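Note sheet for the following structure.
On a predicted model such as this, the values are computed, not experimentally measured, just so you know. As a basis for the values below, the full set of heavy atoms in this structure was taken, side chains included, without hydrogen atoms, waters or symmetry mates.
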Amino acid sequence: EHTLHDLEESDLTFDGKAEIGGMHALLDWHPFGGNFRLSAGAIENASLSARVQPMAGTYTLNGTSYSADDIGDATGAAEYESISPYAGLGFGRALSRDGRFAFSADLGVVFTGSPEVELNVSCRIQNAMRCAQIQEDAPAEEAQLQDEADQLEYWPVLSLGLSYKF
């Protein structure tokens with residue numbers, strides 16, 4: 001788990017946490033008996049949740065700008081399925097056959113599918129019409145974010161390793 005503090009992107013400041021997948025189970029096949037290998041398996045996916053603050057004092061929801069004073073709180077999350085398939089190719093072995101050190105390199109792809117995006121926005125002001133507009137624009141903005149996230153179905157993976165045999 002990684003904590004995000006004051007991460008700035010697209011005129012917004014994010015505070016939250018990113019749980020980046022770490023556990024994986026892979027099977028390696030060395031088709032030529034040497035160091036080249038094909039790998040397949042499963043990898044734990046990531047999730048992200050954050051509280052958002054505008055740097056310029058305005059939020060834009062569904063193309064409409066709102067003062068930060070109008071918005072009580074804005075939070076979002078992106079959740080992938082917990083486990084995704086992985087395929088890759090690599091060079092090297094986990095342990096050296098004849099020495100103490102071994103090097104490995106892998107290049108592959110994780111087939112994550114698209115994440116489930118959630119956006120929650122609350123209204124701080126007393127103007128009922130303005131609050132109603134915010135509550136209409138927030139789901140439309142969430143749908144736009146979901147459409148963008150739906151394009152993130154594959155993640156490249158580059159892994160380098162060094163091992164030592166006692």
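Applying the salt bridge (charged side-chain N to carboxylate O under 4.0 Å, His left out) definition to pairs two or more places apart or across chains, none involves residues 134-143. A salt bridge (charged side-chain N to carboxylate O under 4.0 Å, His left out) check over residues 101-112, counting only residues at least two apart or in different chains, returns the pairs R37-D106. Sorted by first and then second residue, the ring-ring contact (aromatic ring centres under 6.0 Å, His included) pairs involving residues 101-149 (not counting sequence neighbours) are F101-Y164, F111-Y154.
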* To do: Walk me through it: do T112 and E81 pass the test side-chain contact (heavy atoms from CB on, under 4.5 Å)?
  => CA-CA 7 Å; T112 61; E81 293 293 326; over 6 Å; no
* To do: Could you walk me through whether Y86 and V109 pass side-chain contact (heavy atoms from CB on, under 4.5 Å), step by step?
  => CA-CA 6 Å; Y86 168 84; V109 63; 6.0 Å; no
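Applying the 6.0 Å contact sphere to CD of Q135 captures more than 12 heavy atoms from other residues, nucleotides or ligands.
Annotation for A149 and S114: closest pair O-CB, 3.7 Å, computed over non-hydrogen atoms.
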Can I get a per-line list of side-chain donor-acceptor pairs under 3.5 Å for residues 120-130, giving both atom names and the distance, sequence neighbours left out?
{"from": "N120", "atom 1": "ND2", "to": "E118", "atom 2": "OE2", "distance (Å)": "2.9"}
{"from": "S122", "atom 1": "OG", "to": "D73", "atom 2": "N", "distance (Å)": "2.9"}
{"from": "R124", "atom 1": "NH2", "to": "I71", "atom 2": "O", "distance (Å)": "3.3"}
{"from": "R124", "atom 1": "NH2", "to": "G72", "atom 2": "O", "distance (Å)": "3.3"}
{"from": "N127", "atom 1": "OD1", "to": "M129", "atom 2": "N", "distance (Å)": "3.0"}
{"from": "N127", "atom 1": "OD1", "to": "R130", "atom 2": "N", "distance (Å)": "3.0"}
{"from": "R130", "atom 1": "NE", "to": "D70", "atom 2": "OD2", "distance (Å)": "3.4"}
{"from": "R130", "atom 1": "NH2", "to": "S65", "atom 2": "O", "distance (Å)": "3.3"}

I'd like a table of donor-acceptor pairs (distance under 3.5 Å, sequence neighbours excluded) in which one partner is a side-chain atom from residues 22-30, with atom names and distances.
{"from": "H24", "atom 1": "ND1", "to": "G22", "atom 2": "O", "distance (Å)": "3.2"}
{"from": "D28", "atom 1": "OD1", "to": "S39", "atom 2": "OG", "distance (Å)": "2.5"}
{"from": "H30", "atom 1": "ND1", "to": "G34", "atom 2": "O", "distance (Å)": "3.0"}
{"from": "H30", "atom 1": "ND1", "to": "F36", "atom 2": "O", "distance (Å)": "3.2"}

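When only modelled atom types and interatomic distance are considered, W155 and Y80 share a side-chain donor-acceptor pair under 3.5 Å.
You'll find the side chain of L119 reaches within 4.5 Å of the side chain of L145, heavy atoms only. Under the 4.5 Å side-chain criterion, counting only non-hydrogen atoms from C-beta, S82 is not in contact with N45. I43 is not listed as a side-chain neighbour of S84, based on a closest heavy-atom distance of 4.5 Å or more.
In terms of modelled atom types and a separation under 3.5 Å, the side chain of T58 and the main chain of Y66 share no donor-acceptor contact.
Residues meeting the side chain to side chain contact (heavy atoms under 4.5 Å, CB included) test with A102, sequence neighbours left out: S96, S163.
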